[in-house]
Amino acid sequence: MTESSRKILVSSALPYANGPIHIGHMLEYIQTDIWVRFQQHRGHQCIYVCADDTHGTPIMLKAQELGITPEQLIAESKKDHKADFDSFLINFDQFHSTHSDESREVTELIYNRLNEAGHISRRTISQLFDPEKEMFLPDRFVRGTCPHCDAEDQYGDNCDSCGATYSPTDLINPSSAVSGAVPVLKDSEHFFFKLQNFEEMLQKWIRAGHIQEQIANKLDEWLEDGLREWDISRDAPYFGFEIPGQPGKYLYVWLDAPIGYMGSFKALCNRRDNLNFDEYWAPDATTELYHFIGKDIVYFHSLFWPATLAGSGFRTPTAVWAHGFLTVNGTKMSKSKGTFIKARTYLDHLNPEYLRYYFAAKLNNRIDDFDLNLEDFQQRVNSDLVGKYINIASRTAGFIVKRFDGQLTADCSELGLLAEFQQQADNIAQFYEDREFGRAIKAIMALADKANQYIADKEPWKLIKQQGGEAETQAVCSVSLNMFRLLSIYLKPVLPNLIENVEAFLNVEPLSWNDHQHLLIDHKINKFMPLMQRIEKDDIDAMVEASKETIKVTVPEITPASNATSYIEPIKETIEFHDFDKLDFRVVKIVKAEHVEGADKLLRLELDIGNETRQVFAGIKSAYKPESLEGRLTVMVANLAPRKMRFGMSEGMVLAAGPGDSDIYILSPDDGATLGMSVK
RNA sequence: AGCGAUUUGGCGCAGCGGUAGCGCGUUGGGCUCAUAACCCAAAGGUCCGAGGAUCGAAACCUCGAAUCGCUACCA
């Protein structure tokens, strides 16, 4: 059961420093973070590193465009990225930068070793050069007319219109995307990494269980084509590391990017006493090293990277694990549809653990694309987490706290049933280990169903009313809360914040995986409070709306007057006229108002809006007597989506002011307004 | 164009040789402890299409379609 403690180093791919993190990125970070937390949860030493990828032409140009230095740009970017990751509970041990002393040190070491071992060659190549900017142009930065189909304004490497691929020198009327100047051909000496020296090593490596089978198939194909030299140098001006001893020549960003994993880890070693760089990177290292990546960068991580490491006397990764791309509602993320959702936009509207759960619930260890279906997302999270899992505690804790002073029974009954929950631990652990999170969640939710069935079967709400039924009620609820605790242990890698609140509720020390081996008996718990709110459709809609690319609006800084009375609610985010215009307010007459049987706060209103009558349930019982409302005119939102409520459909909403309780004041139009009038 | 992945009930997925399962949703019933939650039951599928090997396929092979992606000196 207790395997000896492992030493594991894990990375996620480095986000590029020229743009914000979006939810497509988050798929990878959440996947990795869950796996890392799982390992730590089980008592292994698992270190998680990452960094911003900061070098290359796009960074350089973007900084120029903004009129700042690249250093300023990447510092800004790192701050934003780190804030996003923190908010999503991504628990890096170190989030570093490839533009750092540590990265430079390792990069130079690797280059020098490759060079000394004869893996670097040089030759002169001819490339398009921008005479105005005095820089060589990457293919993407040359635009011109396609030599095949005459489509205008195409990239230098292929044509969007006819799909042809060509060299930028083939373009008709080429121009620099940077300055607009006509590029000229210019010679320059470039440095190449002799990838072909590693063909045999790579052939073996990719079939030795280090990568997924589908990826290995793909790599085979590349290997069959033969490996060629890899151009690893760029001429000044370039934002990156200068090649040692070669002024004006820089290392291509893709050489130093993965070295950023090592640089980040080195920085961590420098501030932690118990970590030794060589223990993780020496060629004979017995520790484990894993890279989580997207399938788009397989080439770099499964060919260049192991070759670079092997050629410079370092260990190769234990495994490189690729995942698929994220789609939203079945299609590629789109700015116009509002499905290009930035991490920050998501966070402005929704709890990060919703997304962590949804990703976990559908992730597997393969490279299939992952669809974030927003409707499914809402239903699944609400149903699984709030409806099933949390509900177990919600429906039993009340009895324990109110009737038994929070005390769980001294002996636990139903040991057989609980043993079933405990026995699932190994099975679930294996799923996590294999990155089959979806199966893990499925197994956990099957147990949650079982727990709810158990409660339904025992009917503690009836037991408590029976004479002498107290003991059994306490036993049933104690068993239920033990089930809840076991599920919490299993869910902890996915939902770290939520489980922290669960720990406070259960009044226990931080849970670790092996705590599943014992039960909570003769223990006092705290009062239950709602641990998670359901996802509201409105929040998803608002997030999508906020993601739609529109003309940039500068949201005015909202500075609440410092001496403002405290109960004034802050003004919500500024909206555009067309947002406002969606709301259809109407003058209506309350033709009928009545109490609703069984409802504490609601009144049922029948509203005449001129051409039809609407039924609306309004939470104003505490402030109005029904008869005082009948015959009054008021204002309603007439185009609000109907809402099925426990007592019937509510077909709109009546406007009212005030904080609630008896402080509620419905609106009245001035004299002269009549039924059905639109309010603007 | 080449290659890879995907295509199973409304939605999201599992199954990978013995003639279809799960969750959500829907419908009906039950319960009322619980965040309109929970429990029970039902309806719903020519498993993308066409061929083929097999006693037998959703699953294997061939051809085709659709979607997403990759194709190293783009990041």
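Because the structure is a prediction, the values reported are computed rather than measured. Proteins come first, then strands; the chains are lettered A, B, ... in the order of their sequence lines, and each starts at number 1.
Residue-level contact check: A:Gly387 touches the backbone only, with heavy atoms under 4.0 Å from sugar-phosphate atoms and none from bases. Across all strands shown, A:Phe141 has no heavy atoms under 4.0 Å from either base or sugar-phosphate atoms. Note on A:Pro58: only backbone sugar-phosphate atoms sit closer than 4.0 angstrom, heavy atoms only; bases stay farther off. Nucleic acid contact class of A:Met445 (heavy atoms, under 4.0 Å, all strands): none.
Both distances falling under 3.5 Å, in either a Watson-Crick or a G-U wobble arrangement, place B:C70 opposite B:G2. Pairing for B:A42 is with B:U26, a Watson-Crick or G-U wobble pair whose two hydrogen-bonding atom distances lie under 3.5 Å. Base pairing analysis places B:U19 opposite nothing; no Watson-Crick or G-U wobble pair with both distances below 3.5 Å involves it. Nucleotide B:U35 forms no Watson-Crick or G-U wobble pair with any nucleotide shown, as no partner meets the under 3.5 Å limit on both distances. Nucleotide B:A53: unpaired (no Watson-Crick or G-U wobble partner with both distances less than 3.5 Å).
A:Trp461 has its CH2 atom 6 Å from the C1' atom of B:C33, to the nearest Å. A:Leu227 places its CG atom 16 Å from the P atom of B:U71, with the value rounded to the nearest Å. In this structure, A:Asp369 places its CG atom 8 Å from P of B:G69, rounding to the nearest Å. Rounded to a whole Å, the CG atom of A:Asp457 is 17 Å from the P atom of B:C33. Atom C1' of nucleotide B:C13 and atom CG of A:Asn364 are separated by 10 Å, given to the nearest angstrom. Computed from coordinates, the A:Phe359 CZ to B:C13 C1' distance equals 16 Å when rounded to whole Å. Atom CZ of A:Arg439 is separated from atom P of B:A14 by 8 Å (rounded to the nearest Å). Atom OH of A:Tyr250 and atom C1' of B:C73 are 19 Å apart (whole Å).
Ring-plane geometry between A:Phe241 and A:His99 is classed as parallel, the angle between the planes falling under 30 degrees on a 0 to 90 degree scale with a further cut at 60. Between A:Phe484 and A:Tyr389, the angle of the ring planes stays under 30°, which puts this pair in the parallel group of the 30/60° scheme. Note: A:Trp305 and A:His291 have perpendicular aromatic rings, judged against thresholds of 30 and 60 degrees for the angle between ring planes. Using cut-offs of 30° and 60° for the angle between ring planes, the A:Tyr238 and A:Tyr250 rings count as tilted.
Taking atom P in both B:C24 and B:C63, one finds a spacing of 41 Å when rounded to whole Å. Nucleotides B:A14 and B:G29 place their C1' atoms 29 Å apart, quoted to the nearest Å.
Nearest to the side chain of A:Arg395, among B:C68, B:C38, B:U35, sits B:C38. Nearest to the side-chain atoms of A:Gln379 among the listed nucleotides B:C24, B:C73, B:G12 stands B:C24. In this structure, of B:G12, B:A37, B:C33, it is B:A37 that holds the atom nearest to the side chain of A:Arg534. Across B:C13, B:C70, B:A72, the shortest atom-to-atom separation from the side chain of A:Asp296 is found for B:C70. The listed nucleotides are B:C11, B:C33, B:C38; the one nearest the side chain of A:Asp376 is B:C11. Proximity note for A:Leu531 (side chain, C-beta onward) versus B:U6, B:U35, B:C73: the nearest is B:U35. With B:C73, B:U32, B:U35 as the candidates, the nucleotide lying closest to the side chain of A:Arg234 is B:C73.
With hydrogens and angles left out, the side-chain atoms of A:Arg395 and A:Asn452 include a donor and acceptor closer than 3.5 Å. A side-chain donor from one of A:Lys249 and A:Ser188 sits under 3.5 Å from a side-chain acceptor of the other.
The residue among A:Lys362 and A:Asn391 whose nearest nucleotide of RNA chain B lies closer to the 5′ end is A:Lys362. Taking the nucleotide of RNA chain B with the nearest heavy atom to each of A:Arg380 and A:Ile367, the more 5' of the two is matched to A:Ile367.
Phosphate proximity of B:C73 to A:Arg123: absent, as no side-chain N or O sits under 4.0 Å from OP1 or OP2. For A:Lys388, a side-chain nitrogen or oxygen approaches OP1 or OP2 of B:C24 to under 4.0 Å. Distances shorter than 4.0 Å separate none of the side-chain N or O atoms of A:Gln378 from OP1 or OP2 on B:C11.
Both tests pass for A:Arg123 against the ring of A:Phe192: distance under 6.0 Å to the centre and angle within 45° of the axis.
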